[in-house]
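So that the names make sense, note that chain A is the first sequence line, chain B the second, and so on, each numbered from 1.
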Amino acid sequence: MKILLKIAWRNIWRNKGRSAALLTAIVIGLWAGVVTVGLMTGLLDQRIDNLIDSEIAHLQAHHPEFREEHRPEMVLPDVTKLTTWLDEHQSVRSYTARSIVEGMFQSPVKTSGVRIMGVDPERERNTTTFHENLVSGDYVDADIRNPVILGLELAEEHNIEIGNRIVLTFEQLDGELASAAFNVSGFFRSGSTHYDRGNVIVHIKDIQELLSEKPVFHEIAVVLHDIEEAESVVMAINEQFDGLVAQTWDQLSPELGTIVLLGSFMLFIVTMIIMIALAFGILNTMLMALFERIREIGMLISIGMSRIRVFFMIVLEAVMLTITGAAVGMLFAWGTITLLNREGVDLALFAGGIEEIGWPTVIYPAITLGEFFSITVVVITMTLLATLYPAYKAFRVNPMEVEKDT
Amino acid sequence: MAVIRTEKICKVYNPDTIPVHALKDVSIQVEKGEFTSLVGPSGSGKTTLLNMLGALDMPSSGKSFIGDVEVTKLSDKERINFRLHNIGFVFQHYNLIPVFTARENVSFIMMLQGVAQKELLERADELLESVGLGDRKDARPHELSGGQQQRVAVARALASKPRFILADEPTANLDTKAAMNLLDIMEKMNEEQKVTFVFSTHDQRVIKRARRVVTLVDGAVHSDKTTTPDNTVKE
């Protein structure tokens, strides 16, 4: 074995240019694989986290038809019983109840259709990160009468500044229309311009006063200690409470699940293309190296080196190159991911439009240790597979090749 | 017992298309301590015969023995192992391992044989001394002249303590001085250590020094002349 290691290692460096090219291919292959996975994972994770953390939470409960009809009278029944249950459940970290109505947003400039969401600012802060989207002004607990916060896009469309007054009109529970003036306390940017144009946030007590005589809630968003428990908690709620439906985050936003699946599939395809290109590069280089050394291999077999040793000599050359390349590639990839994760990758220049549909324009690539090592294992495996054919060709060399003129 | 013996070996290339009869019923015997040249014009079959003697190729018919082992009955794997322990090779193009030093090239075959590290290094040094390259043992092939490389090849061939050495046109790429120097070394080993050498050559410098000359013409033995120590020639 020692002798094979020795000859294989020396053989690698007999043509430094070619070995350097092969090493570079392995380093780039691994680096590209890891960074692609990191970018894609970061993009998907951010999209999911953003949606979950800022609004959806891990699960929600509604009137069974509310999500389809959005009628103001479709309120959650017996909310106190549900909140008491949530208070006592060990898996629940926090929750927030919301009142949501569809309505009209009127400014001196024009009128727009919006979704008006009444939130308890204290509970909302403990449950979601939506308050972090505030880019200027104050949240809905501002010390003014009827505060409202708007998306930046909506504010720009209506030429509104903080302190301006707008009118919200919506249907009450009894079917009558209610209108009230609200004072703009701040602007938010959620990451989705579509969302920012169509949503306004108000204090829950302000809207509840207008909706009906007693407090009503249309939605309860719950955050658990562990997102993995969402399904079991949802099942428990649905079993114990009548007149409402609880759903997990992926049921609430099925397109998110599809996107994750599609993203993973695309990631697989891209990674495989990189790996196959790498494998063919290695196959080509190793075959070239082999054909140049065919007489030498003939000599080795002539003087008594067994064919299996010749086979492993070629495989070892590739293994050593791969391990060296993989180590350097892993180092570069880890460094790149760490750096990009800290600085972020700003896609605004290339894909400003993706923000429109809620995707982040600044991606923070992330990769798990498992993914990182999986890619490394794939690169090493592909390299070894690519070496099997040249190694087999070496195994089959006729010893009389030694006598052939070059 | 003869070191090498062939019985009516024939070699036919392309038997199913355009048959080429490279060897025709060749029966020769090489005794221990011989210094023999296989000579003949190009295409006469000397390299083919050398390949048969070295168990690098198998005849289409006939038998070939090394000692009491019928090599024509061995499998490819067995023949490789047999060559490792019984036959030394010197090739026309030297064919040293370019990434190894002279010392490592000589040691390599002993490593394959499983000789202990200390012993193989001592033997490699001794052999390099014996071919006059004691001071060049750390040089790589590209740092050596053609003659020096061929001397390393001779040392390598001897390293495995073979029964005999086959040399295919060993002087073909050497100038006169280097060729004579190499022949001196091989002749000395033959005389002092009774190492058996069989050459294929058409180099007159080698033919003149050989004590037995087997001439091949069209794949058959045309003549077989032995020069005795008193310079009389026997056919």
Heavy atoms only, distances under 4.5 angstrom: which of [options] has the most pairs with chain A? Name it, please.
options               : answer
B/E169, B/R79, B/R140 : B/R140
B/F82, B/F89, B/F108  : B/F108
B/I97, B/I87, B/N81   : B/I97

### Task
I would like to know whether A/E296 and B/N95 meet side-chain contact (heavy atoms from CB on, under 4.5 Å); could you show each step before the answer?
CA-CA 6 Å; A/E296 186 181 316; B/N95 290 90; 5.8 Å; no
In this structure, are over 12 heavy atoms from other groups packed under 6.0 Å from [X] atom [atom1]?
X      : atom1 : value
B/R205 : CZ    : yes
A/F332 : CZ    : no
A/M272 : CE    : yes
B/Y13  : OH    : yes
B/I18  : CD1   : no
A/F312 : CZ    : no

Relative to chain B, which segment of [X] carries a heavy atom at a distance below 4.5 Å: side chain, backbone, both, or neither?
X      : result
A/M400 : side chain
A/I308 : neither
A/R293 : neither

Atom group of [X] that falls short of 4.5 Å from chain A, counting heavy atoms:
X      : answer
B/L112 : both
B/D76  : side chain
B/F100 : both

### Task
Please tell me if the side chains of B/K77 and A/R307 come closer than 4.5 Å, counting only heavy atoms from C-beta onward.
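Result no, sub-4.5 Å side-chain heavy-atom pair not found.
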### Message
What I'd like to find out is whether the side chain of B/M111 reaches to under 4.5 Å of the side chain of A/M305, using heavy atoms alone.
### Response
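Not in contact.
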### Short side-chain to backbone donor-acceptor contact, A/R14 and B/V99, under 3.5 Å
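No: the side chain of A/R14 does not pair with the backbone of B/V99.
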#### Entry: Interatomic spacing from CD in B/E104 to CD1 in A/I7 - rounded to 0.5 Å
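With rounding to 0.5 Å, CD (B/E104) is 9.5 Å from CD1 (A/I7).
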### Task
Taking all non-hydrogen atoms of both residues into account, name the closest pair between A/S302 and B/L56 and its distance.
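Where A/S302 meets B/L56 most closely, the heavy atoms are OG-CD2, 3.5 Å.
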### Query
Where do B/R83 and A/I301 come nearest, in terms of heavy atoms and distance?
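Nearest pair, atom of B/R83 first, then A/I301: NH2-O, 2.9 Å.
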